[in-house]
Amino acid sequence: MARNKQFFPRQVVEAGGNRWDWALLPLVLAALVLLAYGARQMSSPYQLGETLPLSLDPLVLPYYLLRTTVRMFIALFASIVFSCVFATLAAKYRAAEKVLVPLLDILQSIPILGFLSITVTAFIALFPGDLLGVECAAIFAIFTSQAWNMAFSAYQGFRSVPAELTEAATVFQLSGWQRFWRLDLPFALPGLLWNMMMSMSGGWFFVVASEAISVSNQNIKLPGIGSYIALAIEQRNLHAIGWAILAMLIGVLLYDQLFFRPLLAWSDKFRFEETGGDTAQTSWLLALIRRTERLQELATASGRFLQRSFRVFRRRYDGTSIRAQPHDPSSTAQRVWDAVIAAGVIYASWTLFHFIRAEVGWGEVAHAFVLGLYTLVRVLLLIFLAALIWIPIGVWIGLNPRLAARVQPLVQFLAAFPANLTFPVAVLGIVHFKLNPDLWLSPLMILGTQWYLLFNVIAGASTIPTELRYAAQNFGLTGWLKWRRFLLPAIFPSFVTGAITASGGSWNASIVAEYVSWGDTTLRAHGIGSYIAEMTAKGDFPRIALGIGVMCIYVMALNHFVWRRLYRLAESRLHF
Amino acid sequence: MGAPIIELKGVGKSFHSADGTSRVVLQGVDFTLHEGEIVALLGQSGCGKSTMLRIMAGLIPADSGQVLYKGMPLFGPARGVSMVFQSFALFPWLTVQKNVELGLEAQGIAPTEREKRAAAAIEMIGLSGFEGALPRELSGGMRQRVGIARALVLQPEVLLMDEAFSALDVLTGERLRDDILDLWEGGQMSTKAILVISHNIEEAVMMADRALIFASDPGRIRAELPITLARPRAAESIEVRGLIDTVYGLMTASGSRTAHVTQKEIKAKLGDRLPAADIARMEGMLESLAETPFQGRADLPKLAEQTELADEEFLNVSNALTLLDFVHLDHGDMVITPIGEQYVKASNPERQALFGKQLLEHVPLIAYIRQGLEQDPSGDLPKGLFMRLLRYTLNEADAEAALRVAIEWGRYANVFAYNLNTGVIHLPEAEEST
């Protein structure tokens, strides 16, 4: 038998592949074809002012879902590249860190509508007569809803690489390029992936805003789920909303099963704690891929490519070479750099001062701050209420390991689902019962972000050491005392983590939640979110900038004075 | 003695803390590592031995003096120097094989050649069969074998071992140490010199041709002890025991400030670090010393064996007892003082009072805190004030440690109380009300 083989061409004999390859083949081909098709549709002739044909027919939804998916993945890819570059620069160079980290802190608290209104005209001008410009604007908007927290997580990952591993990398002469692939990126990867998932749900949340671009007097609706929803809202078509919800559910489910779950399961080997845990994620798709031969070869081939790049970008001299001689970090250069930063800050403050005086006036600023205060009260109150509801439920679930294992994926899924789809229902209700929008629009802000709270509380409760639970039982702790002395302190750190995420998300959501339309009915609550949304619709740049600035100040102040302190408290005292 | 490989000439190093004060970690260190020798560095934690190792590895630059590798100035890690880490420092996402290949890959060696050399190193260190395993699947001992294989596969001229065995249990550590000595004696490794940092005195005496004993504040070489015994050495032999005894004597003499009863005038200073000794351990050791078989006078290694403490803990506890004048050291023996005897016989409340009295008399930091509290009308002071004071002489971690010890001792003796939530040190409740 073996000898016969040589009569056949090599490709036939060693075609490789096993039945698992064949099983996955249709899936792989279908994904490739669809993505290529979706991508090709992005470039087509387009004149500004032209209305793109859109339909509310449920049958076009799969196509729209595809278009939205392609946009999301391009934005995600851009976010990953951005995060890596950002984190490398900020973690390696002190001078860059001084500027980049505060900058990201600010960018992070700017709502995505703000970016869109400033950049959309520039993007359109970039590709005159083509839809690609608008597509780029939409992708950029999605990018801004995804990139910042990923960049932060990568930066923090790079910074917290254990000292001994860094030393090992240095002793074994790893070059910067090798270090990045062998040490920094793998170490930061689990955190980065987790943030990628959160980013993806962030992207979904703003899909309407980023596809149905109605800023700066533009009114463009790109084919996609977001535009479909926007159109349905305009036409008060509740059925279409229902179909869109269904399509999104399917979309989120597909992302989860085909993309994130396999990635999470794969990234399990990058967990740093060296002891084995049993929290490993599983994925049927990854298991399937691991059984194939051909797809595995693809992975090894890319591995080989990386290896080859290691040979090219290696350290070519060691510590005995004159080239390794450290040049003293010149203190003058450092001082000059500090001076440049200071000058930049002073110039910016002066411009800001001038801008406010000339364009908006101090009265408007005070007004915006008052509105910000309303939103602040809403956010804090809502988190308090959500905590009141979800802490008992979360603890109860967390203490039942079997229940927790079943509920946890569901909660993750809910967190990824864009809650703003349910807004029209709320509008109908409020209008029907003639309720006060200031009060009743508020819950919408936390609709999507409360799940982070629940998720973290469950995680916290399920990691309470068993001995501690026995001890609490043994001392007969019951009722309020049990909560105060045992359960609340035990879940506090994870609660704070969840609350930070929920708070950040709620601020961002306020723009959508405080200003809700259903056809020609528009409900607005008093707050900084509705202020920004309203000004964006009008295209009033100075006031958009003012609104965004005020929101930034509130978010940063809240982070600095409340969350960071609670976090530090949790870190220093309340942990096992 | 062979040709010099790494030479340190008058090397000094200081670290700068955030508030601009600097602390001298190493001062005037002269040391030469020659071909064909194993050298052990001994000293208490924070004495600068680890800094010295990292300077030799090219990981941190020296502030003053010269570092030469084969006569050439060293600016960074040299290819001929490899290192084994205390916490293994394996890359958890790489298999054993890939971890061992790490240094070869960095040098750009072709995959086939790499695999061949890694396989040889893996076999030599006894890891065959584990090539495809991830580090988290291995026990501590096996992980450190990977760490050693990773260092040896580069065929280094110098092997630096930073407490390579201290994260392992005693038996595993001994086994690994013997394996390395076998390779060394058998000439299977290309390594020409090994430098070992250790807490464990027996380990140093069993391995080294030379032991250097470090003194702290600032770190410098206090004593050098040649060990000419032939290998393999028997841990139970009289020669080895005698050497261990000598090293104990050298180390405690350097650590304690009241080495002899007559040297009372050398008192501890306000900004000194305090030995991180647990009170229960101090009492335990004092009681063992007072009881049979020692009856108040003990040979240090024997006492260490009796109390079953690791060397570092043992030294900390004995330094603390010496500092508080419960014992004194006499030619490598520990002798109980009359105050120590009184303490052993006392009841619990009396012990507390006696401990407090000794604290106020012999630990300037605690006396200073107490005095401050008594003078303050509210009877409380934030911990941060004392941290700021200590930072003038100690780095952040050491200052934190010293204050923690002071608070623990002070609390036990009821000299003052401390509230963790508020970070405030205050007078004990009972005294406040009077």
Pairing donors with acceptors under 3.5 angstrom, does anything connect the side chains of Arg311(A) and Gln107(B)? no

query: Would you say Trp93(B)'s side chain and Arg182(A)'s backbone share a donor-acceptor pair under 3.5 angstrom?
result: yes

Would you indicate whether the side-chain heavy atoms of Leu102(B) and Leu174(A) approach each other to under 4.5 Å? yes

Within residues 55-68 of chain B, contacts to chain A at heavy-atom distances under 4.5 Å involve Leu59(B)

Of Gly147(B), Ala151(B), Pro156(B), Gly108(B), the largest count of non-hydrogen pairs under 4.5 angstrom with chain A goes to Gly108(B)

(Q) Contact between Arg150(B) and Phe172(A) at the side-chain level, heavy atoms closer than 4.5 Å - yes or no? (A) yes

ask   = Quick one: do the Glu105(B) and Gln307(A) side chains pair a donor with an acceptor below 3.5 Å?
value = yes

So, the part of Thr170(A) with a heavy atom under 4.5 Å from chain B: the answer is both

| Considering residues, nucleotides and ligands other than Phe259(A), do more than 12 of their heavy atoms fall under 6.0 Å from its CZ? | yes

When the 4.5 angstrom heavy-atom criterion is applied to Lys70(B) and chain A, the contacting part is neither

So, the part of Met83(B) with a heavy atom under 4.5 Å from chain A: the answer is both

Note to self: Take a 6.0 Å sphere around NZ of Lys92(A) and say whether it holds more than 12 heavy atoms from other residues, nucleotides or ligands.
What the structure shows: yes

The interface call for Glu167(A) against chain B, heavy-atom contacts under 4.5 Å, is both

So, the part of Leu134(B) with a heavy atom under 4.5 Å from chain A: the answer is side chain

Bottom line for Leu189(A): the part with an atom under 4.5 Å from chain B's heavy atoms is neither

Rounded to the nearest 0.5 angstrom, the CZ-CG distance for Phe91(B) and Leu165(A) is 5.5 Å

Heaviest contributor of heavy-atom pairs below 4.5 Å to chain A, chosen from Gln86(B), Arg54(B), Met72(B), is Arg54(B)

In terms of heavy-atom contacts, Glu164(A) and Ala89(B) come closest through O-CB, 3.6 Å

- Ignoring hydrogens and angles, tell me if any N or O in the side chain of Gln173(A) forms a donor-acceptor pair with the backbone of Pro77(B) under 3.5 Å. yes

CZ (Phe270(A)) and CG (Leu94(B)) are apart, to the nearest 0.5 Å, by 8.5 Å

